[in-house]
J.: 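Got a structure here, written out as structure tokens. Questions coming.
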Amino acid sequence: MKKSTQAFTLVELLVVIVIIGILAAIALPVFQKAQEKARAMSDLSNLKQLGIAVQAFKGDNNGEIPSGSTATSAPKVWQQQLNPSYISTWKVFKSPFDSRTVTETTSSPVSYGINGEGATTGILGIDSSKITYPSNLIMFAPALSAGTGLTFSGIGDADVLVTVTTAGIGDRGTHSSRKRINVVYADGHAEDILFSKFIIKTGDEGSKRWDYTYVAP
């Protein structure tokens, strides 16, 4: 006796295709959200490593923060002072939100900037013991390029600074619909904060976040 076989009808195939399409549409946002969360965690990890590296650097340099290329006693930019003695790979300087390719050379992309608020170089080269609020003062954060896109322009052979962005520009963080940004503070701890909070410099809280008290010896 012959076995009977029954193929799917066109309607049944269309129904299956529609169901698969619906499931894919539901799963895609979930996947994208998980992917962004993973990038945000990796970004935070990079900043933590920068914070740890600076703590080690300070221990070897009488409490001084990397001084940058403007200092005659230390002509190298801050990231070159940390690499390779305190950070072994240039990949740590590149955010997972930065689409540029790491080359492991001094011209490699750098996505993070050191606090450049105050005078012309911010906290570069200062004695860290003069920082009044180390647990509040931002030391490193993603240094986004000007404009609305999620882009970076820093490179390894130039000091990369991060400053307070002009108020009223809207959300331009790195993740959570551009509403949040990761930062590391002068005491070495890292946090995920609102971008709207990140850009405020006025008032007591904002001043502690960006300004430092430094009295020249």
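The model shown is predicted, which means the values in this text are computed figures rather than measured ones. For the single chain, residues carry numbers from 1 onward in sequence order.
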J.: I'd like to know if the side chain of Asn182 and the backbone of Ile193 have a donor-acceptor N/O pair within less than 3.5 Å.
T.: no
J.: Is there side-chain contact between Val110 and Lys94, with at least one heavy-atom pair below 4.5 Å?
T.: no
J.: Answer whether the closest heavy-atom distance between the side chains of Leu82 and Phe57 falls below 4.5 Å.
T.: yes
J.: With no hydrogens and no angle check, is any side-chain donor or acceptor of Ser108 less than 3.5 Å from a backbone partner on Val102?
T.: no
J.: What distance separates Leu44 CG from Arg39 CZ, expressed to the nearest 0.5 Å?
T.: 15.0 Å
J.: Can you list every pair that meets ring pair (Phe, Tyr, Trp, His ring centres under 6.0 Å) and has a residue in residues 124-149, with sequence neighbours left out?
T.: Trp78-Phe140
J.: Which value, rounded to the nearest 0.5 Å, describes the distance between Glu64 atom CD and Ile126 atom CD1?
T.: 9.5 Å
J.: Locate the shortest heavy-atom distance separating Gly113 from Ala143; write the atom from each residue and the value.
T.: N-CB, 3.7 Å
J.: Return the CD1 to CG distance between Ile19 and Leu14, rounded to the nearest 0.5 Å.
T.: 11.0 Å
J.: Any side-chain heavy atom of Ser67 sitting closer than 4.5 Å to one from Gln81?
T.: yes
J.: Checking salt bridge (charged side-chain N to carboxylate O under 4.0 Å, His left out) for the pair Glu117/Lys201: CA distance, chi angles, key distance, verdict?
T.: CA-CA 10 Å; Glu117 288 291 332; Lys201 186 177 179 180; 2.8 Å; yes
J.: I'd like to know if the side chain of Ser88 and the backbone of Pro84 have a donor-acceptor N/O pair within less than 3.5 Å.
T.: no
J.: Would you check if Arg209 and Ile200 make a side-chain contact, meaning some heavy-atom pair closer than 4.5 Å?
T.: yes
J.: Measure from the side-chain N and O atoms of Arg172 to the backbone N and O of Phe195, and report whether any donor-acceptor pair falls under 3.5 Å.
T.: no
J.: Say whether Ile131 and Leu47 are linked into one hydrophobic cluster, either directly or through other cluster members, by side-chain heavy-atom distances under 4.5 angstrom.
T.: yes
J.: Nearest heavy-atom pair of Leu124 and Pro66: which atoms, and what distance?
T.: CD2-O, 3.3 Å
J.: Determine whether a donor-acceptor pair (N or O, by modelled atom type, separation under 3.5 Å) exists between the side chain of Gln80 and the backbone of Gly156.
T.: yes
J.: Quick one: salt bridge (charged side-chain N to carboxylate O under 4.0 Å, His left out) pairs with a partner in residues 182-192, sequence neighbours left out?
T.: Arg180-Asp192
J.: Regarding Lys208 and Asp204, does a basic nitrogen lie under 4.0 Å from an acidic carboxylate oxygen?
T.: yes
J.: Testing the 3.5 Å rule here: is there a donor-acceptor pair between the side chains of Glu104 and Thr89?
T.: yes
J.: Less than 4.5 Å apart, any side-chain heavy atom of Leu150 and any of Thr174?
T.: yes
J.: Report whether Leu161 and Phe152 are members of the same hydrophobic cluster (ILVMFWY, side-chain heavy atoms less than 4.5 Å apart, transitive linking).
T.: no
J.: Can a donor-acceptor pair be found, under 3.5 Å and without considering hydrogens, that links the side chain of Asn61 to the backbone of Gly63?
T.: no
J.: Any heavy-atom pair between the side chains of Leu144 and Thr151 that's under 4.5 Å?
T.: no
J.: Applying side-chain contact (heavy atoms from CB on, under 4.5 Å) between Ile138 and each of Val183, Ile123, Val184, Val164, report the one that passes.
T.: Val183
J.: Let me see the working for Tyr86 and Asp60 under side chain to side chain donor-acceptor pair (under 3.5 Å), right down to the final yes or no.
T.: CA-CA 11 Å; Tyr86 304 95; Asp60 293 337; 2.8 Å; yes
J.: Should Tyr185 and Ile181 be counted in the same cluster of Ile, Leu, Val, Met, Phe, Trp and Tyr side chains packed under 4.5 Å apart?
T.: yes
J.: Looking only at heavy atoms, what is the nearest atom pair of Gly51 and Met139, with distance?
T.: CA-CE, 4.0 Å
J.: Within this structure, what is the OG1-CD1 distance for the pair Thr163 and Ile114, rounded to the nearest 0.5 Å?
T.: 13.0 Å
J.: Does some side-chain heavy atom of Val162 sit less than 4.5 Å from a side-chain heavy atom of Pro142?
T.: no
J.: Between Glu36 and His175 (side chain of the first, backbone of the second, donor and acceptor by atom type, cut-off under 3.5 Å), is there such a pair?
T.: no
J.: Looking at every heavy atom in both Arg100 and Ser153, which two are closest together, and how far apart are they?
T.: NH1-C, 3.5 Å
J.: Check for a donor-acceptor pair, side chain of Gln79 on one end and backbone N or O of Phe93 on the other, with a separation under 3.5 Å.
T.: no
J.: May I have the step-by-step check of side chain to side chain contact (heavy atoms under 4.5 Å, CB included) for Thr132 and Tyr212, ending in yes or no?
T.: CA-CA 6 Å; Thr132 309; Tyr212 63 91; over 6 Å; no
J.: With distance as the sole criterion, is a donor-acceptor pair present between the side chains of Ser95 and Asp43 under 3.5 Å?
T.: yes
J.: Side-chain contact test, heavy atoms from C-beta onward, threshold under 4.5 Å: evaluate it for Ser45 versus Gln49 and give yes or no.
T.: yes
J.: Output, in order, the C-alpha distance, side-chain angles, deciding distance and verdict of side chain to side chain contact (heavy atoms under 4.5 Å, CB included) for Asn83 and Val92.
T.: CA-CA 10 Å; Asn83 171 269; Val92 174; over 6 Å; no
J.: Would the distance check show the side chain of Trp210 and the main-chain N or O of Phe198 forming a donor-acceptor pair, the cut-off being under 3.5 Å?
T.: yes
J.: Under 3.5 Å, is there a donor-acceptor pair between the side chain of Ser42 and the main chain of Pro96?
T.: no
